[in-house]
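In what follows, a structure is listed as structure tokens, so that the remarks can point back to it.
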Amino acid sequence: MSCTAREVIAAVRRGAEVMSAHRDELVELDRAIGDGDHGENMDRGFRAVVAQLELAEPPTPGAVLKLVATTLISSVGGASGPLFGTAFLRAASTAGDAESLDGTALAASLRAGVDGVVARGKAEPEDKTMIDALLPAVRAAEESAGRGGEPAATLSAAAEAAEVGARSTVPLVARKGRASYLGDRSAGHLDPGARSVALLLAAFADVEGAE
Amino acid sequence: MPVGLVIVSHSDALARGVVELLGQLAPDVRVEPAGGMSAGGLGTDFEATSAALADAETGAGVVLLYDLGSARMTAELAVESLPDPDTAVVAEAPLVEGAVAAAASAQGGDGLKTVVDAAERAVGGTVDSPEQATTAAEGTDSGTQSSVTTSPRAKQDLVLRNEAGLHARPAALLARVLTGLDAEVTVTAGGNSADARSVLGVMGLGARKGDRIGLQATGPDAESALRRVTELADRDFEG
């Protein structure tokens, strides 16, 4: 079983619903250690993605991911636009023109996306950023795929690891991004970017699991 | 046409302000602002940055300068999205000082790489910044910074003979001749001092043709720093 454009679109739509439902929570998290616009930015970005999908549904998983990337880059302000945009862009390019992605291809796309975020944002593990959710997620996805895991299992492994990774940002002192301006005062708060990653991966896993 | 510049800022007003500033000292350089979100408000806009990048390109390449972290990411993404990403470079430089140095260099007809170097050598403000001197390329591998207290010192006065005095282009060349030297150089004119590597600081001295300026250098390369500056002045600040 592998996932086609139809499932990727469903996953993205579910991601948009989750971003909308958690908008205020993300705003609150970002208000504590950032500039307070993360929830609004992510919600606006994914709404724009859904609006694009209403116009035309791309034929391949790669094309869907590319549409998500370009739309997020254009519509999300702040650091999240270039970061999430780069993640989806690199993932799209690794997915290529394939009609469908199996667990291994999915993990490879996720890896490319995460590498893109690292290159763009230049954050290290434990800097209290989205990387702290993404790196464990991609490792879990690769392990799952390596054991022959289907896309659903691969995504759910990634989502679980991302959730743990996101929670691990709470005690950390931020060393990258706006929160780093706060120094020690950034400790004790969940990183909003890591939270978004965990929410999105859980949403994607949710859809794949239901297929 | 000279190399073009794009000013990527979270603020529309800030980007336009830098463009206004550069318009005075580098009138032939195409400088495009990309500030704020298209719907208004603070942020960096990918579409606006890409459009500014296209507008600034006249065939000689484009240097992008940015204000804060996420502006760098937007600028990089815009460059990577070009048909040929090698035609534009995001400079790691302080926004205003870097833009001034880059504009002066571009106005002088320098190529893309030299304009980027000019921006990246630019130092902020008029304070000493010893680490800038040896990080720039030019074959030095002196590695360590020497202590200022035991370093050689050198002093010299000279009279400006060139038409423009210490305006943008001469100030940019002054910064450039000091590249690779382990010396802190201060320029004094009319009772004010500036770090010789700060294009904006040196311009701010307002030294004109006929003015006497003082040069003071500290560090292992103090002597050669003053020699280079004197030679530059003797050439009437012709690159």
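Just so it is clear: chains get the letters A, B, ... in the order the sequence lines come, proteins before strands, and each one is counted from 1.
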Non-hydrogen atoms of A:Ala79 and B:Met73 that approach each other most closely: CB-CE, 3.4 Å

Side chain / backbone / both / neither for B:Leu68 at chain A, heavy atoms under 4.5 Å: side chain

Listed partners of B:Asp28 passing side chain to side chain donor-acceptor pair (under 3.5 Å), at least two apart: B:Gln107

At a cut-off of 3.5 Å, what donor and acceptor atoms pair up between chain B and chain A?
| from | atom 1 | to | atom 2 | distance (Å) |
| --- | --- | --- | --- | --- |
| B:Glu47 | OE2 | A:Ser74 | OG | 2.4 |
| B:Arg72 | NH1 | A:Arg120 | O | 3.3 |
| B:Glu76 | OE1 | A:Arg120 | NH1 | 3.2 |
| B:Glu80 | OE1 | A:Arg120 | NH2 | 2.7 |
| B:Glu80 | OE2 | A:Arg120 | NH1 | 2.9 |
| B:Glu80 | OE2 | A:Arg120 | NH2 | 3.4 |

Sequence-distant partners of B:Ala60, side chain to side chain contact (heavy atoms under 4.5 Å, CB included), two or more places apart: B:Val3

Pairs of donor and acceptor atoms involving the side chains of residues 98-106 of chain B, under 3.5 Å and at least two apart or interchain, shall be tabulated with distances.
| from | atom 1 | to | atom 2 | distance (Å) |
| --- | --- | --- | --- | --- |
| B:Ser105 | OG | B:Asp110 | OD2 | 2.6 |

